[in-house]
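Below: one structure, written as structure tokens.
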There are 2 protein chains.
Amino acid sequence: MLNENPIPARLKAARKKAKITQKELGVKIGMEESSASGRMNHYEKGRHMPDIGTLRRMAQELNVPLNYFFCDDDLSAELACAIAKLNPEQQTKLLEDLAKQSD
Amino acid sequence: MLNENPIPARLKAARKKAKITQKELGVKIGMEESSASGRMNHYEKGRHMPDIGTLRRMAQELNVPLNYFFCDDDLSAELACAIAKLNPEQQTKLLEDLAKQSD
DNA sequence: CTGTATACTTAGCAATCCTAAGTTTTAACC
DNA sequence: GGTTAAAACTTAGGATTGCTAAGTATACAG
């Protein structure tokens, strides 16, 4: 079975890329100094599930789209980031191209 | 502020496209007849947050990727679906194309 | 070995969800 | 417009899960 919860792997990858610790990330998104380490570690080990607001703050801090955390593999995760950086016109054009391709 | 929870809008769109009721969707993914209507409605109204396992079963039943439920607008949601249908080779090529484009 | 930074674990309380039952809305039909 | 059934929605409380705070383990520099 597929890893049920994709958040741990995504979170770790994006945090490492940003070169910050679990606690630093937690504090940056508004957690208490005293609980940031434990909470962030729970999320990264998959023991607890963060709520949407927390996910959004992490996404913003790590410069990834919210849906990044729910991608099941590295490739689709990178694609999600790349697509989030396109402007709406570019996104529309890409969607049209993909639609043609699948005919 | 952006709608904090994108699930309700995505869930409704995908369910309508599949032309089934809230209860039907719930039963199809293994909920009890007696509670399927209430539970699915909670999710679609944003009152409760489904767990990852439930999200996965909904995604499979509705033929969308898991990250679809966390896209913040229709355009990126459709793109997520289109990309999920590509094979890995096509995905890799697309990622390379997007990387060039952003230089 | 000692001190420090980072990662990880645990347990009880607090917050949230699941269930079951009931209510409201929608839409088709006469 | 009134009737009916299906669909959508709401509520309350017991059950489940997450948050917090405190502690432990590991890695590494001095």
Side-chain angles (χ1 to χ4, degrees), chain A residues 1-64 66-70 74, chain B residues 1-64 66-70 74:
Chain A
M1 178 178 123
L2 216 50
N3 259 344
E4 175 162 286
N5 177 6
I7 293 177
R10 298 294 143 249
L11 183 52
K12 184 169 189 174
R15 179 179 65 79
K16 289 288 184 187
K17 195 170 177 183
K19 294 197 197 312
I20 56 178
T21 68
Q22 294 174 341
K23 179 175 180 178
E24 277 176 322
L25 178 54
V27 170
K28 275 186 183 226
I29 64 173
M31 291 178 183
E32 297 292 328
E33 282 271 347
S34 61
S35 63
S37 173
R39 283 184 69 183
M40 288 308 306
N41 189 261
H42 282 163
Y43 300 148
E44 205 163 301
K45 298 299 287 185
R47 182 182 298 260
H48 292 326
M49 178 80 177
D51 64 25
I52 291 273
T54 303
L55 281 167
R56 270 199 196 288
R57 287 189 290 278
M58 294 194 298
Q60 182 162 26
E61 189 61 42
L62 296 172
N63 195 33
V64 295
L66 178 65
N67 68 356
Y68 165 87
F69 292 120
F70 296 90
D74 294 348
Chain B
M1 175 180 123
L2 216 50
N3 259 346
E4 175 161 286
N5 177 5
I7 293 177
R10 298 294 144 251
L11 183 53
K12 183 168 189 174
R15 179 180 64 79
K16 288 287 184 188
K17 196 169 176 185
K19 295 200 196 314
I20 56 177
T21 67
Q22 294 174 341
K23 180 175 180 180
E24 276 176 321
L25 178 53
V27 171
K28 275 185 183 231
I29 64 173
M31 291 178 183
E32 297 291 330
E33 282 273 346
S34 61
S35 64
S37 173
R39 284 183 68 183
M40 287 308 306
N41 189 261
H42 282 163
Y43 301 147
E44 205 162 303
K45 298 300 287 184
R47 182 182 299 260
H48 293 325
M49 178 82 176
D51 64 25
I52 292 271
T54 303
L55 281 167
R56 271 199 196 286
R57 287 189 290 277
M58 294 194 298
Q60 182 162 26
E61 188 62 40
L62 296 172
N63 195 33
V64 295
L66 178 64
N67 69 354
Y68 165 88
F69 291 121
F70 296 90
D74 294 347

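This is a predicted model, so every value here is computed, not measured. Letters go in sequence order (proteins before strands), and every chain restarts at 1.
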Within the structure, does a side-chain N or O atom of [X] lie under 4.0 Å from either OP1 or OP2 of [N]?
X: Ser34(A); N: dA21(D); answer: yes
X: Tyr43(A); N: dG18(D); answer: no
X: Lys23(A); N: dT6(C); answer: no
X: Arg39(A); N: dT20(D); answer: yes

Inset, instruction - Report which part of the nucleic acid Met40(B) touches: base, sugar-phosphate, or nothing (heavy-atom distance under 4.0 Å, all strands). - result: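 Result for Met40(B) = nothing.
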Legend entry - Beyond-backbone contact of Arg10(B) with Val64(B), side-chain heavy atoms, under 4.5 angstrom: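 Counting from C-beta outward, Arg10(B) and Val64(B) never come under 4.5 Å.
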Could you tell me how far apart [X] ([atom1]) and [N] ([atom2]) are, to the nearest whole angstrom?
X: Asn5(B); N: dC17(C); atom1: CG; atom2: C1'; answer: 14 Å
X: Lys45(A); N: dT6(C); atom1: NZ; atom2: P; answer: 18 Å
X: Lys12(B); N: dA7(D); atom1: NZ; atom2: P; answer: 15 Å
X: Met49(A); N: dC17(C); atom1: CE; atom2: P; answer: 11 Å
X: Ile52(B); N: dC17(C); atom1: CD1; atom2: P; answer: 14 Å
X: Arg47(B); N: dG13(D); atom1: CZ; atom2: P; answer: 15 Å
X: Glu33(A); N: dT6(C); atom1: CD; atom2: P; answer: 12 Å
X: Leu11(A); N: dA7(C); atom1: CG; atom2: C1'; answer: 13 Å

Legend entry - Donor-acceptor pair (no angle test) under 3.5 Å: His48(A) side chain, dT20(D) base: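 Side chain to base: no pair below 3.5 Å.
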Inset, instruction - Assess whether one donor atom and one acceptor atom, taken from the side chain of His42(A) and the base of dT17(D), lie less than 3.5 Å apart. - result: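 No pair found.
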Inset, instruction - Could you say whether Glu44(B) or Met31(A) is positioned toward the 5' end of DNA chain D, judged by the nucleotide with the nearest heavy atom to each? - result: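 By nearest-heavy-atom nucleotide position, the 5'-most residue is Glu44(B).
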Inset, instruction - Please say which of Tyr68(B), Phe69(B), Phe70(B) ends up in a ring-ring contact (aromatic ring centres under 6.0 Å, His included) with Phe70(A). - result: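 The option that passes is Phe70(B).
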Legend entry - Shortest side-chain distance from Ser35(A), nucleotide among dG18(D), dC9(D), dT20(D):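 That would be dT20(D).
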Legend entry - Separation between CZ of Arg57(A) and CD of Glu61(A), rounded to the nearest 0.5 Å: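 Rounded to the nearest 0.5 Å, the CZ-CD separation comes to 11.5 Å.
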Legend entry - Nearest-0.5 Å distance that lies between atom CE in Met40(B) and atom CE in Met31(B):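 It comes to 5.5 Å.
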Legend entry - 5' precedence on DNA chain C between Glu32(B) and Glu24(A) (nearest-nucleotide basis):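 Mapping each residue to its closest nucleotide by heavy atoms, the 5'-most match is Glu24(A).
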Legend entry - Minimal non-hydrogen separation, Ile52(A) against Glu4(B), with atom names: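 That closest heavy-atom pairing would be CG2-O, 2.9 Å.
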